[in-house]
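Every number for a ligand or one of its atoms is a count from 1 in the order of the listing.
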Amino acid sequence: MGKSSILLISGSLQRRIHGLMGSFFKSQSLKAQITYDMHKYLLESTAKWSEDYPVYIQDETKNISFQVLVKALIGLDPGYQMDLLKKQFQEFIGGLMSLPINLPGSQLYRSLQAKKKMVKMIHRIIQEKRSSNPVVPKDAADVLISDTSEQLTDDLIAENLIDLMIPGEDSVPVLMTLTIRYLSDCPSALQQLTEENLKLKRLKEKLGQTLSWSDYLSLPFTQTVITETLRMGNVIIGVMRKATKDVQIKGHCIPKGWCVLTYFRSVHLDDDLYDSPHQFNPWRWQDKEMNICNFTPFGGGQRLCPGLDLARLETSIFLHHFVTQFRWVAEDDSIINFPTVRMKRRMPIWVKRRRDF
Ligand code: HEM
């Protein structure tokens, strides 16, 4: 991650980028575009699935959600450039948690080389955008280059756009994959979720309408399934902070310069806060407030994840299409929690197309 990544900077520059990204990610036009793209890429992917060999849900969701996010960030459509970017990006994140040895042939070296190539590609895109001077921003790059504060250099924009791709390859597909993992082990939740989504699908077909982003987010049980998956799955296990001065918290002093890991798992799986915390129970959210202190999958405060609505929307769309089109049997697999959350075997499942619709 570069020095000017939003995750590493603080003060007015962090607030500026956070604000710009937050309002763009919340905009109705982006949500409509994400809905359209998710639908398109999902149909393209699922059309290739066969009943004769397993589908690896983690790979499929990574592919779909990366394409959707890259389109939202830099306006790139699937094709040769996207494939090239995906290849470089995978090399880049492979080095994010590697031995700090930057010698030719090492993982870190390959990762940094890949990042350089990506920065070059994004610089080219930024230059094309600057010369065409967009009036209405269509993607995050447009939003950042039309900022008039003069704080945002092309290097800073390119670096942040690349870092913003990480949730498309990691957090969002992991969330989607975990919903399928937990639903596979909880038939009653799967049945309620499927009925809710089939009902909406039938209604929309009867009215001759396509589903809008707000339709997907209006499904109450589907939202509780996502919330419960965020609680149990802890896609981001916690956040790090460094004390810039001595801080007193509940009688403990955190000295200046010390680092603190706020470990979400210990809160989300605390049996004083959640009954049977290791049990997947979406119904617990039907009459429970999402108290910000006890439930922080997207962090909080001035660094609250600006992509939280998008993550929920993409996962709702994925679930809708998946459960209304397929039945499935999941193979054995286990969740790995360190250094990042993922499935050990990439979540293989055997699908059957539904014929009851
Ligand atoms: C399941 C999906 C996601 C989860 C669980 C998640 C979680 C988080 C968490 C916990 C933080 C706080 C980090 C900290 O305080 O140090 C964060 C920050 C951030 N997230 Fe997400 N995120 C997700 C998806 C997304 C998406 C789709 C985007 C948009 C591209 C996004 C963009 C960001 C950005 C830019 C920040 C940094 C905010 C700042 O430091 O000002 N995230 N996310």
Looking at Lys86, Glu169, Glu44, Gln58, which hits side chain to side chain donor-acceptor pair (under 3.5 Å) with Asn63?
Lys86
How far is [atom] from its nearest protein heavy atom, and which residue and atom is that?
| atom | result |
| --- | --- |
| atom 11 (C) of ligand 1 | Phe298 O, 3.9 Å |
| atom 26 (C) of ligand 1 | Pro167 CB, 3.5 Å |
| atom 13 (C) of ligand 1 | Val239 CG1, 3.6 Å |
| atom 16 (O) of ligand 1 | Arg241 NH1, 3.1 Å |
| atom 40 (O) of ligand 1 | Arg303 NH1, 2.7 Å |
| atom 43 (N) of ligand 1 | Cys305 CB, 3.1 Å |
| atom 29 (C) of ligand 1 | Phe25 CE1, 3.6 Å |

Please work out, at 4.0 Å between heavy atoms, whether the side chain, the backbone, both, or neither of [X] comes within that distance of ligand 1.
| X | value |
| --- | --- |
| Glu314 | neither |
| Val174 | neither |
| Ile6 | both |
| Leu175 | side chain |
| His18 | side chain |

Separation between [atom1] of [X] and [atom2] of [Y], rounded to the nearest 0.5 Å:
| X | Y | atom1 | atom2 | value |
| --- | --- | --- | --- | --- |
| Asp246 | Lys256 | CG | NZ | 8.5 Å |
| Lys242 | Ser10 | NZ | OG | 11.0 Å |
| Asp163 | Leu96 | CG | CG | 8.0 Å |

Considering only heavy atoms of [X], which atoms of ligand 1 have at least one such atom less than 4.0 Å away?
| X | value |
| --- | --- |
| Leu69 | 30 (C) |
| Leu7 | 37 (C) |
| Gly299 | 10 (C) |
| Leu164 | 30 (C), 35 (C) |
| Phe264 | 10 (C) |
| Val172 | 27 (C) |

Say whether Thr296, considering both its backbone and side-chain N or O atoms, lies within less than 3.5 Å of an N or O atom on ligand 1.
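The answer is no, given that Thr296 and ligand 1 share no N or O pair closer than 3.5 Å.
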For ligand 1, is there an N or O atom under 3.5 Å from any N or O atom of Gln14?
yes
Is it true that Arg15 lies under 4.0 Å from ligand 1, counting heavy atoms only?
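Outside the 4.0 Å threshold, so no.
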Contact with ligand 1 for Met21, non-hydrogen, under 4.0 angstrom:
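Met21: no contact with ligand 1 (<4.0 Å).
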Counting only heavy atoms, tell me which of Ser65, Pro306, Pro297 gets closest to atom 33 (C) of ligand 1.
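Looking at heavy atoms only, the winner is Pro306.
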Result of checking Phe322, Trp49, Trp350 against Trp328 for ring-ring contact (aromatic ring centres under 6.0 Å, His included):
Phe322
For [X] and [Y], test the side chains for any donor-to-acceptor distance below 3.5 angstrom and give the result as yes or no.
| X | Y | result |
| --- | --- | --- |
| Asp170 | Thr340 | no |
| Asp147 | Ser149 | yes |
| Gln28 | Trp213 | no |
| Glu195 | Gln191 | yes |
| Glu91 | Ser111 | no |

side-chain contact (heavy atoms from CB on, under 4.5 Å), paired with Tyr182, selected from Leu178, Ile180, Thr179:
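Of the listed residues Leu178, Ile180, Thr179, the side-chain contact (heavy atoms from CB on, under 4.5 Å) partner of Tyr182 is Leu178.
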Do the ring planes of Tyr216 and His320 sit parallel (below 30°), tilted (30 to 60°) or perpendicular (above 60°)?
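Rings of Tyr216 and His320: perpendicular, over 60°.
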CG (Asp83) with more than 12 external heavy atoms under 6.0 Å:
yes
Does Phe326 have Arg354 sitting over its ring (NZ/CZ under 6.0 Å from centre, angle to axis within 45°)?
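No - Arg354 does not lie over the ring of Phe326 by the 6.0 Å and 45° rule.
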